[in-house]
Amino acid sequence: MTQIVNGPGTPGVLLAGGLARRMGGGDKPMRQIGGRSILARAIGRLAPQCDGLLLSANGDPARFKDFGLPVLADTAENRPGPLAGILAALDWAAANRPEVSWVLSVAADCPFLPRDLVSRLYQALLGENAQLAVAASGGQSHPVIGLWSVGLRDELRHALVVEDIRKIDRWTARYKLATVSWPAEPLDPFFNANTMDDIAAAERLAELDGG
């Protein structure tokens, strides 16, 4: 198989649309771990792997201005979850990067993303002749972290708007899906912070990740 380093010019979108109810509200990715925000850590991991980054978030985009990324609001009504953020990124790519065929999505509250994320997802797409690819670790799939075909955006829009499908795995079940697994020990690269206890755990894990 031909080795792909980071895929053919792939933009990445960081999905930051969660309401952080278990943390008392606010933007989870802006929480600090070891003196850096979770979002800054995620950007640091993705920037070398992607050809440009986007941020999917609703509300006032000015709160993210220091990161210097385009901020995409959901185009689907009623905030139907991460699929809406993925759709917004696919629509952005079709309008602004017509040469792009794929967009990577990740959760913006994952501070320890793997450095080989894009390359391994692409290798799985080619090796399995798949239509989509998602990540997994420790026997658990992470459907929000994956490669999405720009050519499927109209089908995704129909699923969201007409069929009211909101769970990612309900939609991906319609397509040939490659799942790529990473080891979860000593550090799960897809650890995400949902509670204040998770923030405390992430402080400890950051030491394993090199601080």
Side-chain angles (χ1 to χ4, degrees), residues 9-100 102-113 115 117-118 142-148 150 153 156-157 160-161 166 168 189-203 206 209 211:
T10 305
V13 59
L14 297 114
L15 303 173
L19 299 178
R21 292 187 179 94
R22 284 181 283 177
M23 289 187 183
D27 294 300
K28 282 191 295 180
M30 303 294 273
R31 300 278 180 171
Q32 297 280 315
I33 294 175
R36 295 176 66 203
S37 70
I38 296 173
L39 181 56
R41 288 174 175 271
I43 290 171
R45 285 300 172 88
L46 285 189
Q49 303 183 56
C50 292
D51 185 10
L53 295 178
L54 309 164
L55 189 62
S56 167
N58 295 298
D60 184 0
R63 67 193 193 276
F64 299 110
K65 63 180 176 58
D66 290 344
F67 296 97
L69 301 180
V71 179
L72 307 179
D74 291 350
T75 54
E77 295 180 355
N78 302 319
R79 296 191 179 185
L83 278 176
I86 292 168
L87 175 60
L90 297 181
D91 284 342
W92 181 93
N96 297 278
R97 298 283 302 277
E99 79 283 5
V100 164
W102 302 90
V103 172
L104 174 81
S105 73
V106 302
D109 60 352
C110 290
F112 310 124
L113 292 164
R115 293 179 172 90
L117 179 62
V118 177
H142 306 292
V144 76
I145 298 173
L147 279 174
W148 310 95
V150 178
R153 71 187 187 283
L156 175 54
R157 190 183 339 275
L160 266 175
V161 176
R166 303 197 175 199
I168 294 178
F190 305 113
F191 172 94
N192 68 316
N194 288 313
T195 67
M196 294 309 298
D197 286 343
D198 289 339
I199 294 292
E203 292 278 0
D209 192 52

For side chain to side chain contact (heavy atoms under 4.5 Å, CB included), just list the numbers for C50 and V118, CA-CA rounded to whole Å, side-chain angles, deciding distance to a tenth of an Å, and then say yes or no. CA-CA 8 Å; C50 292; V118 177; 4.1 Å; yes
Indicate the atoms forming the closest heavy-atom contact of [X] with [Y], along with that distance.
| X | Y | answer |
| --- | --- | --- |
| L14 | A42 | CD2-CB, 3.7 Å |
| V150 | W102 | CG2-N, 4.0 Å |
| A16 | A57 | O-CB, 4.1 Å |
| A88 | L72 | O-CD1, 3.8 Å |
| P29 | S37 | O-CB, 3.7 Å |

Between [atom1] on residue [X] and [atom2] on residue [Y], distance to nearest 0.5 Å:
| X | Y | atom1 | atom2 | answer |
| --- | --- | --- | --- | --- |
| L160 | R166 | CG | CZ | 8.0 Å |
| L69 | L55 | CG | CG | 6.0 Å |
| I168 | W148 | CD1 | CH2 | 5.0 Å |
| C110 | L39 | SG | CG | 11.5 Å |
| F191 | I38 | CZ | CD1 | 8.0 Å |

Is the shortest side-chain N to carboxylate O distance from R31 to D109 below 4.0 Å? no
Test log, rule side chain to side chain contact (heavy atoms under 4.5 Å, CB included), inputs L147 and V103: CA-CA 6 Å; L147 279 174; V103 172; over 6 Å; no
Run V100 and T10 through side chain to side chain contact (heavy atoms under 4.5 Å, CB included) and show every step you take. CA-CA 7 Å; V100 164; T10 305; over 6 Å; no
Do any N or O atoms from the side chain of [X] and from the backbone of [Y] form a donor-acceptor pair under 3.5 angstrom?
| X | Y | answer |
| --- | --- | --- |
| Q49 | L117 | yes |
| R45 | L113 | yes |
| S105 | V144 | yes |
| R41 | I33 | yes |
| D74 | N58 | no |

How about R153 and W92: do any of their side-chain heavy atoms sit closer than 4.5 Å? no
Checking side chain to side chain contact (heavy atoms under 4.5 Å, CB included) for the pair D51/R97: CA distance, chi angles, key distance, verdict? CA-CA 11 Å; D51 185 10; R97 298 283 302 277; 2.6 Å; yes
